[in-house]
Student: 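The following block contains the structure, expressed as structure tokens.
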2 protein chains.
Amino acid sequence: MRYILFMDLSSTAYVILGMVSVHPRSGYEIKAAVDESTRRFWAASYGQIYPELKRLSEQGLVTGMDAPRGERKRTVYTITDAGMERLKEWLRRPPEMSEMRDEGLLKLFFSGVLEPDEAAETLRRMRDRRAALAEELAALEAVVIEKSDEFALMVVRGGVEYNRWYADWCERMEAELLATARKERST
Amino acid sequence: MRYILFMDLSSTAYVILGMVSVHPRSGYEIKAAVDESTRRFWAASYGQIYPELKRLSEQGLVTGMDAPRGERKRTVYTITDAGMERLKEWLRRPPEMSEMRDEGLLKLFFSGVLEPDEAAETLRRMRDRRAALAEELAALEAVVIEKSDEFALMVVRGGVEYNRWYADWCERMEAELLATARKERST
DNA sequence: GGCTCCATGTAATCCGTTACATGATTAC
DNA sequence: GTAATCATGTAACGGATTACATGGAGCC
């Protein structure tokens with residue numbers, strides 16, 4: 001007999017716990033929920049979800065129940081009391097990890113070897129991307145309002161604001177860049 | 001004899017090309033440069049840098065030259081014309097990848113199971129972290145100004161602005177959260 | 001003498017994505 | 001009937017971090 005008292009959970013484990021804390025879901029549904037909500041700041045793939053569900057189940061943090069749809073097998077997972085405790089305990093701990101990888105910024109950073117208008121082109125692309133993302137999230141906002149989930153709404157709106165700020169920053173930097181380029185040409 | 005005409009380069013390869021495009025550097029110096037500049041939006045470890053330098057050298061995109069310091073062996077890498085062309089070609093391509101992982105946002109997203117003031121605590125931690133980061137980058141700004149690198153400066157300042165926006169957003173969300181919590185308590 | 005920094009490298013490991021396999025159900 | 005979606009899983013692969021090994025140089 002093995003005693004698992006308090007094994008460290010992976011970050012994916014908490015996404016799963018969070019997702020089933022709202023209401024029971026199948027692995028497939030968890031993946032779908034992640035893809036339309038946390039994906040932009042915390043993704044998860046089938047390759048993580050299914051093995052993790054098995055582990056969480058073994059540790060008694062979720063329980064899987066058969067819930068077939070016709071002849072199609074299906075297992076929905078419910079969070080247990082122990083699972084809810086672990087989730088809350090994690091939520092109360094100060095957030096640690098935060099990282100980003102941004103190819104646009106990297107290109108900008110090295111753009112000293114290019115002509116100013118080539119660098120400006122990078123900024124325009126970045127701007128367009130961010131503007132599109134802001135619109136996408138603004139559309140999602142309507143969907144989230146329906147669910148009346150205060151925190152989900154807060155996060156989507158934050159996403160809209162962030163992408164708008166970013167798009168605006170790109171515009172300003174492009175203008176600045178072209179302005180100094182003009183000034184330099186005239187001397 | 002092997003003919004490598006146009007093998008795809010890894011993202012790390014471009015960081016290295018970018019870093020040696022400014023002036024020749026050793027692997028150690030590349031790592032140090034990454035750590036004090038691009039790290040926040042594009043990191044690189046020794047485990048990537050040294051093998052990648054070897055590959056880039058084999059492909060004729062950089063050339064390594066012995067540059068010992070006393071008895072201590074040291075190799076500095078210089079970008080070749082071919083390497084510069086590859087770097088520029090990449091810089092001109094529209095940026096694709098951009099991703100983030102943010103534990104704070106993830107915790108916020110699932111904070112519906114907590115008391116409002118516990119969720120507010122998460123926002124306070126996030127705010128403090130962002131404010132500290134903004135200060136850190138503001139201090140770095142002074143160092144970057146010395147180097148008179150227009151693009152590096154643009155990126156650091158962007159970082160300051162971003163973290164200040166983020167910190168401010170956290171403050172506003174905390175206020176909003178506590179306000180609705182008060183309202184709900186009074187009903 | 002010991003600590004920190006300079007300097008190069010590799011092996012083990014972790015984390016995560018992609019691709020694939022399989023099969024039922026629903027919509028057109 | 002066939003394409004898309006629901007549903008579960010795993011194997012292969014790739015990217016990146018961590019840890020370790022090795023050793024010289026400079027400083028207190």
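Throughout, a chain's letter reflects where its sequence line sits, starting with A, and its residues are numbered from 1.
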Student: Rounded to the nearest Å, what distance is computed from the CD atom of residue A:E71 to the C1' atom of nucleotide C:dT22?
Tutor: 16 Å

Student: If you check every side-chain atom of A:R72, which of D:dG24, C:dC6, C:dA24 has the closest atom?
Tutor: C:dA24

Student: Are A:E29 and A:R74 close enough for a salt bridge, meaning some N to O gap below 4.0 Å?
Tutor: yes

Student: Could you check how far CZ of A:R101 sits from P of C:dG16, rounded to whole Å?
Tutor: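 Distance, rounded to whole Å: 14 Å.
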
Student: So, does A:S26 get its side chain near the phosphate of D:dC6, meaning an N or O under 4.0 Å from OP1 or OP2?
Tutor: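 So the side-chain polar atoms of A:S26 never come under 4.0 Å of the phosphate oxygens OP1 or OP2 of D:dC6.
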
Student: Return whichever of B:S10 or A:P51 has its heavy-atom-nearest nucleotide of DNA chain D closer to the 5' end.
Tutor: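 Between the two, 5'-proximity favours A:P51.
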
Student: Counting just side-chain N and O atoms, does B:Q48 come under 4.0 Å of either OP1 or OP2 of D:dG15?
Tutor: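 Answer no for this pair, as no side-chain N or O of B:Q48 is under 4.0 Å from OP1 or OP2.
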
Student: Could you check how far CZ of B:R74 sits from P of D:dA25, rounded to whole Å?
Tutor: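 These atoms are roughly 13 Å apart.
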
Student: In whole angstrom, give the distance that lies between atom CD1 of A:I30 and atom C1' of D:dC6.
Tutor: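 Atom-to-atom, A:I30 to D:dC6, this comes out as 15 Å.
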
Student: Rounded to whole Å, how long is the line connecting atom CZ of B:R25 with atom C1' of C:dA7?
Tutor: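 Spelled out: CZ on B:R25 to C1' on C:dA7 is 16 Å.
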
Student: If you only use heavy atoms from C-beta on, which nucleotide in C:dT8, C:dT18, C:dT10 is closest to the side chain of B:T75?
Tutor: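 Between C:dT8, C:dT18, C:dT10, the one nearest the side chain of B:T75 would be C:dT8.
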
Student: Nearest whole Å is fine: how far is D:dG24 P from B:R69 CZ?
Tutor: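 Checked: the CZ to P distance equals 17 Å.
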
Student: Just the rounded figure in Å: distance from C1' of D:dA16 to CE of A:M100.
Tutor: 18 Å

Student: So which nucleotide from D:dA16, C:dG16, C:dA7 ends up closest to the side chain of B:Y28?
Tutor: C:dA7

Student: So if I take every side-chain heavy atom of B:T12 and compare against D:dT17, D:dC6, D:dA16, which nucleotide ends up nearest?
Tutor: D:dA16

Student: Test ring-ring contact (aromatic ring centres under 6.0 Å, His included) on B:Y14 and A:F110; report intermediate values, then the result.
Tutor: CA-CA 10 Å; B:Y14 292 112; A:F110 291 124; 9.9 Å; no

Student: If you compare every side-chain N and O of B:Y46 against the phosphate oxygens of C:dG9 (OP1, OP2), does one of them come in below 4.0 Å?
Tutor: no

Student: Using atom CD of A:E29 as one end and atom P of D:dG9 as the other, report the distance to the nearest whole Å.
Tutor: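 Checked: the CD to P distance equals 14 Å.
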
